Protein chains: 2
Amino acid sequence: MGDRMLERARSAATSAGLPTRAVPPGTAGRILAAGLELFAEKGFSGTSIRDIGARAGINSATLYSHYRSKEHVLAALVLLGHQELHGRLQHALVTARGGPAGKLAALVRAHVLAHAEYAQLALVANAELHILGGEAAAPSLALREQSRQLLLALLDEGVRGGEFTAADPLLAAAAIVGMGRQVAHWYRPNQPYTPEQIADTFSGYALALVGAAEHDREK
Amino acid sequence: MGDRMLERARSAATSAGLPTRAVPPGTAGRILAAGLELFAEKGFSGTSIRDIGARAGINSATLYSHYRSKEHVLAALVLLGHQELHGRLQHALVTARGGPAGKLAALVRAHVLAHAEYAQLALVANAELHILGGEAAAPSLALREQSRQLLLALLDEGVRGGEFTAADPLLAAAAIVGMGRQVAHWYRPNQPYTPEQIADTFSGYALALVGAAEHDREK
DNA sequence: GTCTATACTAGGATAGAC
DNA sequence: GTCTATCCTAGTATAGAC
């Protein structure tokens with residue numbers, strides 16, 4: 001318990017931040033962290049190169065020794081966000097126990113958890129993706145589509161097997177993804193709910209939404 | 001200015017997705033429509049006063065004869081969006097038949113419908129609200145809170161009366177609002193689903209989510 | 001890698017003619 | 001109300017010294 005709590009405390013400290021392992025060391029990492037905060041707060045277009053420099057503790061010109069342009073900073077963040085989410089979803093599916101209901105619960109739980117624990121990253125990855133040109137956006141769009149397919153395949157499986165009654169997997173997926181994504185907009189670390197509580201509750205909502213039988217909803 | 005220009009102004013203002021009644025006639029309306037499209041597409045900070053002028057068919061300087069600043073254009077749009085949504089929610093509640101389940105279905109239906117039919121307006125009202133200073137944002141924030149209370153009161157009523165089993169109305173509201181809001185991000189007029197289909201399906205999801213009894217979910 | 005200095009562009013807003 | 005012309009600031013990015 002001690003180790004897990006410690007780990008959680010640590011990730012909560014960097015929460016609303018970047019996944020630790022994905023952050024480059026030194027100045028490049030500080031630029032990324034500064035960009036994340038500022039893009040989340042004021043948007044990409046509302047943030048200047050000088051804002052980023054000030055937040056990162058460097059002169060704005062130094063940024064160009066690490067990234068080719070402001071857009072390249074954004075591209076790094078957006079890709080990172082999509083990779084983190086997709087990785088978590090895959091891991092959740094692989095380690096989930098039980099049938100479609102258990103897998104769906106795990107998938108939604110991971111989705112919501114990611115959007116709470118990395119709220120800023122999710123915000124930037126979702127809201128500013130459209131800024132990126134075609135080739136810069138492509139990898140993130142591909143990851144997003146793959147993540148979507150994980151959910152759709154699961155819903156189809158559940159419907160075919162009779163565990164789910166949802167008549168329209170496409171709309172069910174849109175609803176499930178939507179309620180999870182919005183969490184990044186309102187979650188704050190000092191709120192009455194922990195990310196885990198939200199994730200568990202929302203995964204129950206998802207099961208109800210697809211019409212999973214009551215006895216399949218046990219955790 | 002001839003009738004032809006007036007007609008163009010009106011259709012330009014309404015075709016993009018502004019509630020007809022709320023659009024000022026003439027140039028002011030075209031500016032609003034241009035701002036709506038551009039803010040929805042590129043964001044407030046990503047849109048220049050010259051962009052707006054070009055889209056509205058006027059010189060950028062002319063904008064200042066109708067609005068005091070670019071921010072005032074945004075303020076008008078954001079308020080309009082929140083007013084439209086709140087008005088629809090109220091109307092839905094007043095005209096709904098049945099108990100809490102029927103009211104919830106009507107409320108969610110109106111919420112989703114608004115986010116599909118006025119997707120651009122919803123996008124701008126939600127994504128750019130934070131740009132506005134305190135006094136400019138206040139009326140919209142107040143409307144948003146009132147709308148939220150409509151839903152929360154309804155959920156409480158349903159839980160107290162035993163029609164809903166949702167243990168946590170706050171999280172249920174967040175989920176319901178979230179899935180509806182996201183519709184504005186993916187709805188497109190040429191999609192396989194009509195706004196009504198989405199609204200009806202999602203209102204069914206909301207009922208399932210709060211644990212409304214099956215026999216209460218009839219339309 | 002980091003800074004200072006600077007080139008150059010684009011942006012918000014105003015003045016004044018019509 | 002609308003335009004042309006313009007002011008001034010702030011923005012992205014580069015050059016070159018250290």
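Predicted model only: the values in this text are computed from it and were never measured. First the proteins, then the strands, lettered A, B, ... as listed; each starts at 1.
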Atom-pair distance ([atom1] on [X]; [atom2] on [N]), nearest Å:
| X | N | atom1 | atom2 | answer |
| --- | --- | --- | --- | --- |
| A:Tyr67 | C:dG1 | OH | P | 11 Å |
| A:Lys70 | D:dA10 | NZ | P | 15 Å |
| B:Leu63 | C:dT14 | CG | P | 11 Å |
| A:His72 | D:dA13 | NE2 | C1' | 13 Å |
| B:Ile31 | D:dG1 | CD1 | C1' | 10 Å |
| B:Arg50 | C:dT14 | CZ | C1' | 12 Å |
| A:Ile52 | D:dG11 | CD1 | C1' | 12 Å |

query: Looking across every strand, which nucleic acid part, if any, lies under 4.0 Å from B:Ser45 by heavy atom: base, sugar-phosphate, or nothing?
result: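 It contacts nothing in the nucleic acid.
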
task: Mind running side chain to side chain contact (heavy atoms under 4.5 Å, CB included) on A:Arg30 and A:Ile58 for me, showing each step along the way?
output: CA-CA 9 Å; A:Arg30 292 218 311 284; A:Ile58 56 169; 3.9 Å; yes

query: Taking NZ, NE, NH1 and NH2 as the nitrogens, is one of them in A:Arg88 or A:Glu117 under 4.0 Å from a carboxylate oxygen of the other?
result: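 Looking at A:Arg88 and A:Glu117, the cut-off is met.
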
field: Salt bridge flag under 4.0 Å for residues A:Arg21 and A:Glu84
entry: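 Judged by the 4.0 Å cut-off on N to carboxylate O distance, A:Arg21 and A:Glu84 do form a salt bridge.
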
- prompt: Any side-chain N or O of A:Thr27 under 4.0 Å from OP1/OP2 of C:dT2?
  reply: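 Yes, A:Thr27 has a side-chain N/O under 4.0 Å of OP1/OP2 on C:dT2.
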
query: Are there more than 12 heavy atoms of other residues, nucleotides or ligands under 6.0 Å from atom NE2 of B:His91?
result: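 Not buried by this count: 12 neighbours or fewer within 6.0 Å.
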
message: Quick check on DNA chain D: between A:Arg68 and A:Asp51, whose nearest nucleotide comes earlier from the 5' end?
response: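 The answer here is A:Asp51.
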
field: Residue pairs, two or more places apart or on separate chains, that pass ring-ring contact (aromatic ring centres under 6.0 Å, His included) and touch residues 42-86 of chain B
entry: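 Matches after skipping sequence neighbours: B:Phe39-B:Phe44.
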
- prompt: Tell me, which pairs form a ring-ring contact (aromatic ring centres under 6.0 Å, His included) where one or both residues lie in residues 103-122 of chain B, sequence neighbours left out?
  reply: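 Counting only pairs at least two positions apart or across chains, the ring-ring contact (aromatic ring centres under 6.0 Å, His included) contacts touching residues 103-122 of chain B are B:His111-B:His115.
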
message: So if I take every side-chain heavy atom of B:Tyr64 and compare against C:dT14, D:dT14, D:dG1, which nucleotide ends up nearest?
response: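 Nucleotide nearest to B:Tyr64's side chain: C:dT14.
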
message: Nearest to the A:Ile49 side chain among D:dA13, C:dA13, D:dT2, which nucleotide is it?
response: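 Out of D:dA13, C:dA13, D:dT2, the nucleotide with an atom closest to A:Ile49's side chain is D:dA13.
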
task: Carefully, step by step, assess B:Gln149 and B:Arg144 under the rule side chain to side chain contact (heavy atoms under 4.5 Å, CB included).
output: CA-CA 9 Å; B:Gln149 289 303 332; B:Arg144 178 180 292 210; over 6 Å; no

Protein and nucleotides 3-5 of chain D: nitrogen or oxygen contacts under 3.5 angstrom:
residue	atom	partner	partner atom	Å
D:dC3	OP2	B:Asn59	N	2.7
D:dC3	OP2	B:Thr62	OG1	2.7
D:dT4	OP2	B:Asn59	ND2	3.2

